[in-house]
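Just so it is clear: chains get the letters A, B, ... in the order the sequence lines come, proteins before strands, and each one is counted from 1.
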Number of protein chains: 2
Amino acid sequence: MRPTIYDVAQVAGVSIATVSKVINKTGNISEKTRLHVKNVIKEMEYEPSSIASALSKKKTKTIGIIVPNIANPFYGEITRLLEQIANRHDYSIILSSTYNHPEREKQYIRFLLQKEVDAIIIGTELLSDQVIKKLNKRNIPIAKLSVPIEEKNVISVTTDNYAGGYLAARYLYENGHLTTKIIGDLTRQSECDRVAGFRAFYKEKGIVISDDQIISREPLFEEESPFIDLVLKGAEKVTAIFSTTDFQAVLTMNALHELGYSIPNDYSVIGFDNTMYAKLSQPTLTTIEQPIREMTELLFQQLLCAIETEEMTYKVNVFTPRLIERQSVCNIHKNSSYR
Amino acid sequence: MRPTIYDVAQVAGVSIATVSKVINKTGNISEKTRLHVKNVIKEMEYEPSSIASALSKKKTKTIGIIVPNIANPFYGEITRLLEQIANRHDYSIILSSTYNHPEREKQYIRFLLQKEVDAIIIGTELLSDQVIKKLNKRNIPIAKLSVPIEEKNVISVTTDNYAGGYLAARYLYENGHLTTKIIGDLTRQSECDRVAGFRAFYKEKGIVISDDQIISREPLFEEESPFIDLVLKGAEKVTAIFSTTDFQAVLTMNALHELGYSIPNDYSVIGFDNTMYAKLSQPTLTTIEQPIREMTELLFQQLLCAIETEEMTYKVNVFTPRLIERQSVCNIHKNSSYR
DNA sequence: ATGAAAGCGCTAACAG
DNA sequence: CTGTTAGCGCTTTCAT
């Protein structure tokens, strides 16, 4: 049977309070008993129960995180970093993918509430303000990836999506691409912003990107076959495709390859996020960088601060996107063989 | 403030025992009070504290999982599936990547012990028997991915690695590849087995693969540049490369591309696992399939059974690997342009 | 069918 | 510097 603090106390010949104090380095304990207790703990292989501790301290040292799909490398990387950082701080994380299912989303929130997580990180964009209000009533800090929101107790961390879209458009334009199409998940505000920035640039140049050049689609790896039919829909006269996430871009390139096209010779593709996939794909993917590591670090740090101080203000952090040039976009002027 | 079972009981005008019973559907409660209590719960937005419940039930409904690197898509997919399955059963999982760091591994085990997880899933291969013994002393069920082990309380789920390696070799051989090299992480027994099977086939054909045709390396995305130098080391006369995981294979192809080689024309590459990467890479990757979904499902089911019955036997499940033919291996006979 | 009360393992005053 | 004790929120006998 697992030893408890009582067992340790008994063997060490002290009270449980003393044991508790040496474990938590609180109060004043003489060096002698401290060492002695430590030894007993080691010998008995005693591990304090974090759940009992959580119950009395009312802090679980657990953070919940809700994302649309962990297969999306952007969320994959964020989660991975978060796990590392959290672990450094002795926190653990509970992860949930909701696949854009509102039911699942609510269900997960309740699940996290039951787990009494100290904070919740939200990467999905379905959650209504109502849910956030409900969380606020319980006074639990929230971090929102994606679109900022000025709400009590919520920390927003994002990249300037509009600027990023604008950047992508400018790069394509400078490389001679006048006809483009866009593939993204327009149920997400953040991706709409990217699209808006993209269109805005072209509009400035007198080029209007019509709605039927835009495909809205939740990127899913599993059901890619229907995507093959979609990817070129209405794209007869197009030379470049803007995929609003790297994940989507990789799926796009994959579909294009399956259709027998070559990238960037037949189609140029530009992504958004600058995840691992962008570097590993073939051709490597030109994309808009989000500084994932910095974002994650800042997010965690602010969250920690909110948890510990129990402060209740909101914070909005907007990072600046950057273009990462790789191989998936060709310069149409230099490429005479372009269709 | 978050309502407790006492608040609910008071508002509903019943005892906390009654409330507890309606929540857990235990004992006998009249339909009338049951409904009434349920209503009060809904109105108050009461969520039972799973940590308080865990303390008294001595079950946390949490499972710990330790893998070498979650960036490896094999573990990524397993984890994703596990999370889904676990969630269906109202379990949550705590994930940890150890990056083959023995210190981290031990530290994580202790962490999980403190979290009082109901079971531990181990994907790493460093953990000594000693650690498993220690876990057994606490009577906590263990599931081991990778190499089977016949130990009390541990469930092993694996693919026949030797057979898989053999299969890979046969396929390469049949496609005319007589000179090959191998890249894998030989600190892992499972990958050694794959290598052994691979070599065994070639040996049967009278071809000996010498040790210097084998590169042992932990697949890491971050530091790939040194890998570029390595990938072709001693491979002057080679036509095909066996990477013992898909992750490694993708990194290998990436390095090869950076060196200006084309796949499969300059080098054929075969992987192991059949993860998402295999389908998304360009060229798509010929690989040995592990039935990840089935493995994960079986693993969870057996683990659940062990948790609930508190039975203490061991189980060994070995799945059969299968070759998945894609584009990364060429037939050397048909390909006259081969170097 | 319902409730009283002991206990799960730990923390945090408070007393000594 | 050390120990006593009252919770933390819930489950579970055992009475009633």
Partners of [X] by salt bridge (Lys or Arg N to Asp or Glu O under 4.0 Å), sequence neighbours excluded?
X         : answer
Arg80(B)  : none
Glu310(A) : Lys59(A)
Glu31(A)  : Arg34(A)

Only counting residues at least two apart or in another chain, list the ones meeting side chain to side chain donor-acceptor pair (under 3.5 Å) with [X].
X        : result
Thr33(B) : Ser30(B)
Ser96(B) : none
Thr26(B) : none

Work out how much the helix from dA1(C)-dT16(D) to dG16(C)-dC1(D) bends between its end axes, five pairs an end, to the nearest 10 degrees. 40°

Ser53(A) and Ser50(A): side chain donor to acceptor below 3.5 Å: no

How would you summarise protein contacts on nucleotides 4-11 of chain D per nucleotide, using B for base, S for sugar-phosphate only and - for none, with heavy-atom distances below 4.0 Å? B--BBBBB

What residues, two or more places apart in sequence or in another chain, satisfy ring pair (Phe, Tyr, Trp, His ring centres under 6.0 Å) together with His36(B)? none

So what does Thr33(B) hit on the nucleic acid, given a heavy-atom distance under 4.0 Å: a base, only sugar-phosphate, or nothing? sugar-phosphate

Under a criterion of less than 4.0 angstrom to any heavy atom of chain B, what are the 5'-terminal and 3'-terminal contacting nucleotides of DNA chain C? dA1(C) to dG9(C)

I need the full list of salt bridge (Lys or Arg N to Asp or Glu O under 4.0 Å) pairs touching residues 131-156 of chain A, with sequence neighbours left out, sorted by first then second residue. Lys137(A)-Glu45(B)

Residue pairs fulfilling side chain to side chain donor-acceptor pair (under 3.5 Å) with at least one residue in residues 64-78 of chain A, sequence neighbours excluded: Tyr75(A)-Arg188(A)

